[in-house]
Amino acid sequence: MKNIIITGGAGFIGSHVVREFVKNNPQSMIINLDALTYAGNLENLKDIENEPNYVFEKADITKPEELRKVFEKYNPEAVVHLAAESHVDRSITDPMAFINTNVNGTANLLNLCKEFWTLNPDHTHGRFPDEKRTNLFYHVSTDEVYGSLGETGFFLETTPYDPQSPYSASKAASDHLVRAYGNTYGMPFIVSNCSNNYGPNHFPEKLIPLCISNIINERPLPIYGDGKYTRDWLFVIDHAKAIHQIFNEAKTGETYNIGGFNEWQNIDLVKELIKQMDAKLGKPEGYSEKLITFVKDRPGHDKRYAIDANKLNKDLGWKPSVTFEEGLSKTIDWYLENKEWLENVTSGDYQKYYEKQYN
Ligand code: NAD
């Protein structure tokens with residue numbers, strides 16, 4: 001494929017996906033399409049911005065005319081769609097922003113692909129014989145669409161959708177739209193649903209980078225409720241590699257769950273973070289535990305997410321390349337070496353948001 005648009009490429013996961021595609025596809029032009037909201041930061045891509053197969057286009061997926069200009073300029077063969085409003089807490093205070101970007105924005109992209117690509121509705125569910133695949137809409141989604149688990153069990157690709165927050169409901173709607181365009185119009189698509197990511201370039205409103213930043217600055221570490229919420233965590237570079245592999249090797253019409261086989265209760269995760277950070281910062285063991293502060297719970301908080309990524313492992317041989325302890329250590333090192341990045345993003349609007357949420 002010659003021209004590949006990656007939406008949301010200036011964000012946390014998108015920046016790693018762009019890097020993975022730029023490095024591994026020298027014959028393709030990788031077009032990073034991003035509106036640069038508070039979460040988009042081109043500093044995340046400084047190391048590859050001069051690569052001959054990389055270009056940035058500022059465009060908003062909620063504005064079809066802006067998208068059209070990019071489509072007319074590049075006539076893309078494929079779209080890897082990550083652009084989204086992604087923070088659950090923000091979706092509780094401003095659900096419409098999530099519906100506009102995640103639902104309408106995805107529909108705008110699908111409509112342009114439908115217009116620019118030659119689709120064949122006879123290929124139901126977006127399934128194409130592999131040799132005939134010329135276009136691909138790869139939709140990046142979350143395990144939160146499946147809702148909340150009890151103490152046991154895992155999300156499978158066949159688990160019924162049961163989203164609980166405006167964020168997850170908007171992502172679920174976008175997943176449904178992608179599959180509906182596959183089924184109705186013959187749009188070749190792939191969807192992947194991933195668990196919580198962590199790693200370099202993560203905006204410090206999410207648990208791990210927020211705690212890293214606050215341990216550095218000796219500020220409170222806010223933990224929701226009793227701290228027993230359980231999430232599966234995956235190192236972001238492993239997610240980016242999974243997306244690249246699925247993009248190249250999976251059959252169209254497929255769905256893959258991507259996860260780290262790595263469940264942690266929030267409180268235990270924060271204690272592991274404190275252990276590693278106190279050691280790296282030369283502080284006595286357990287020094288930063290005094291910063292742990294339990295805060296009022298998020299409304300409708302999902303208790304446990306756990307993903308079964310065995311289909312991806314069985315079909316394509318993918319598995320995470322690092323353990324959680326290794327990935328966390330790499331992540332902490334990155335934040336300690338990039339304090340300027342952290343200072344830049346924790347100023348301005350982010351700071352105001354932070355004050356509102358936690359003070
Ligand atoms: P992020 O918030 O860090 O980045 C989102 C990017 O999208 C930003 O660069 C932002 O500028 C851009 N964007 C937002 N609105 C836009 C618009 N209207 N037009 C164009 N660009 C716009 O998000 P992330 O954590 O990197 O997540 C990326 C994708 O992966 C999302 O679709 C999210 O639902 C999904 N996902 C995230 C996680 C996670 O743990 N972070 C897990 C699974 C799936």
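No experiment lies behind these values; they were computed from the predicted model shown. One-based numbering, in listed order, for ligands and for the atoms of each.
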Exercise. Applying a 4.0 Å heavy-atom criterion (strictly less than), which segment of Asp143 is in contact with ligand 1: side chain, backbone, both, or neither?
Worked result: neither
For this session: Write out the residue and atom name of the closest protein heavy atom to atom 4 (O) of ligand 1, then the distance separating them to 0.1 Å.
Result: Gly11 CA, 3.5 Å
Exercise. Of the protein's non-hydrogen atoms, which lies at the shortest distance from atom 5 (C) of ligand 1, and what is that distance?
Worked result: Ala84 O, 3.5 Å
Problem set entry | Ser195: numbered ligand 1 atoms lying under 4.0 Å from its heavy atoms | 42 (C), 43 (C)
For this session: Within a distance under 4.0 Å of any heavy atom of Asn196, pick out the atoms of ligand 1 and give their elements.
Result: 40 (O)
For this session: Do me a favour and list the nearest non-hydrogen protein atom to atom 29 (C) of ligand 1 with residue, atom name and distance?
Result: Leu82 O, 3.2 Å
For this session: Using distance alone, determine whether Glu85 and ligand 1 share an N or O pair under 3.5 Å.
Result: no
For this session: Please could you name the atoms of ligand 1 that Ala59 approaches to less than 4.0 Å, counting only its heavy atoms?
Result: 19 (N), 20 (C)
Exercise. Less than 3.5 Å between some nitrogen or oxygen of His239 and one of ligand 1, yes or no?
Worked result: no
Seminar exercise, completed: the protein heavy atom lying closest to atom 21 (N) of ligand 1 turns out to be Ala35 N, 3.1 Å
For this session: If you have a sec, work out which protein heavy atom is nearest atom 32 (O) of ligand 1 and how many Å separate them, to one decimal?
Result: Lys171 NZ, 2.6 Å
Exercise. Given Gly14, Ala83, Ser168, which one has a non-hydrogen atom that is nearest to atom 7 (O) of ligand 1?
Worked result: Ala83
Problem set entry | Residues Glu272, Lys275; criterion salt bridge (Lys or Arg N to Asp or Glu O under 4.0 Å); working and verdict | CA-CA 5 Å; Glu272 172 65 26; Lys275 189 175 102 194; 3.5 Å; yes
Exercise. Checking side chain to side chain contact (heavy atoms under 4.5 Å, CB included) against Met29, which of Val22, Asn3, Ile5 comes through?
Worked result: Asn3
Exercise. Just wondering, more than 12 heavy atoms not from Glu151 lying within 6.0 Å of its CD?
Worked result: no
For this session: Go through the side-chain N and O atoms of Asp297 and Tyr229 and say whether any donor and acceptor fall under 3.5 Å apart.
Result: yes
Problem set entry | Spacing of Trp117 atom CH2 and Asn75 atom CG [to the nearest 0.5 Å] | 10.0 Å
Problem set entry | Point-to-point distance, once rounded to the nearest 0.5 Å, from CD1 of Ile246 to CG of Leu316 | 6.5 Å
For this session: For the residue pair Phe155 and Tyr305, categorise the inter-ring angle as parallel (less than 30°), tilted (30 to 60°) or perpendicular (more than 60°).
Result: tilted
For this session: Among all protein heavy atoms, pick out the one at the shortest distance from atom 23 (O) of ligand 1; state its residue, atom name and that distance to 0.1 Å.
Result: Ser86 OG, 3.3 Å
Exercise. If you measure every N/O of Leu33 against every N/O of ligand 1, is any gap under 3.5 Å?
Worked result: no
For this session: Distance to 0.1 Å, residue and atom name: give those for the protein heavy atom nearest to atom 25 (O) of ligand 1.
Result: Phe12 CD2, 3.8 Å
Problem set entry | Asn197-ligand 1 polar pair, N/O distance under 3.5 Å | yes
Exercise. Short N/O distance, under 3.5 Å, between Thr62 and ligand 1?
Worked result: no
For this session: Report yes or no: is the cationic atom of Lys290 (NZ for Lys, CZ for Arg) under 6.0 Å from the centre of the six-membered ring of Tyr287, at an angle within 45° of the ring normal?
Result: yes
Seminar exercise, completed: In this structure, atom 19 (N) of ligand 1 is nearest to the protein heavy atom Ile61 N, 2.9 Å
Exercise. Would you call the rings of Tyr224 and His301 parallel, tilted or perpendicular, where under 30° means parallel and over 60° means perpendicular?
Worked result: perpendicular
Exercise. So is Gly9 polar-close to ligand 1, meaning N/O to N/O under 3.5 Å?
Worked result: no
Exercise. Between Thr101, Val145, Val236, Asn104, which one has a non-hydrogen atom sitting closest to atom 16 (C) of ligand 1?
Worked result: Thr101
Seminar exercise, completed: Which of Ile4, Thr252, Asn248, Val79 passes side chain to side chain contact (heavy atoms under 4.5 Å, CB included) with Leu136? Answer is Thr252
Exercise. Where does the angle between the aromatic ring planes of Phe324 and Tyr198 fall among parallel (under 30°), tilted (30 to 60°) and perpendicular (over 60°)?
Worked result: perpendicular
Exercise. Numbering the atoms of ligand 1 from 1, which are under 4.0 Å from a heavy atom of Ser141?
Worked result: 43 (C), 44 (C)
Exercise. Quick check: does Cys194 get an N/O under 3.5 Å from an N/O on ligand 1?
Worked result: no
For this session: Could you tell me which atoms of ligand 1, counted from 1 in the order shown, lie closer than 4.0 angstrom to a heavy atom of Asp60?
Result: 17 (C), 18 (N), 19 (N)
Problem set entry | Passing candidate, side chain to side chain contact (heavy atoms under 4.5 Å, CB included) with His16, options Ile243, Val236, Asp238 | Val236
Exercise. For ligand 1, which atoms sit closer than 4.0 Å to a heavy atom of Leu36?
Worked result: 11 (O)
Exercise. Under 3.5 Å, side chain of Asp34 to main-chain N/O of Gly40, donor-acceptor pair present?
Worked result: no
Problem set entry | Polar contact flag for Asp34 and ligand 1 (N/O pairs, less than 3.5 Å) | yes
For this session: Answer yes or no: is there a donor N or O on one side and an acceptor on the other, between the side chain of Thr293 and the main chain of Leu291, under 3.5 Å?
Result: yes
Exercise. Side chain or backbone of Val140 under 4.0 Å from ligand 1, or both, or neither, by non-hydrogen atoms?
Worked result: both
Seminar exercise, completed: Honestly, for Tyr167 the part within reach of ligand 1 (heavy atoms, under 4.0 Å) is side chain
Problem set entry | Among Leu328, Leu221, Asp268, the one residue meeting side chain to side chain contact (heavy atoms under 4.5 Å, CB included) with Leu273 | Leu328
Problem set entry | salt bridge (Lys or Arg N to Asp or Glu O under 4.0 Å) assessment of Lys283 paired with Glu218 | CA-CA 12 Å; Lys283 292 178 178 165; Glu218 300 211 11; 3.4 Å; yes
Seminar exercise, completed: A student comparing Asn193, Thr37, Thr142, Ile13 should find that the heavy atom closest to atom 37 (C) of ligand 1 comes from Ile13
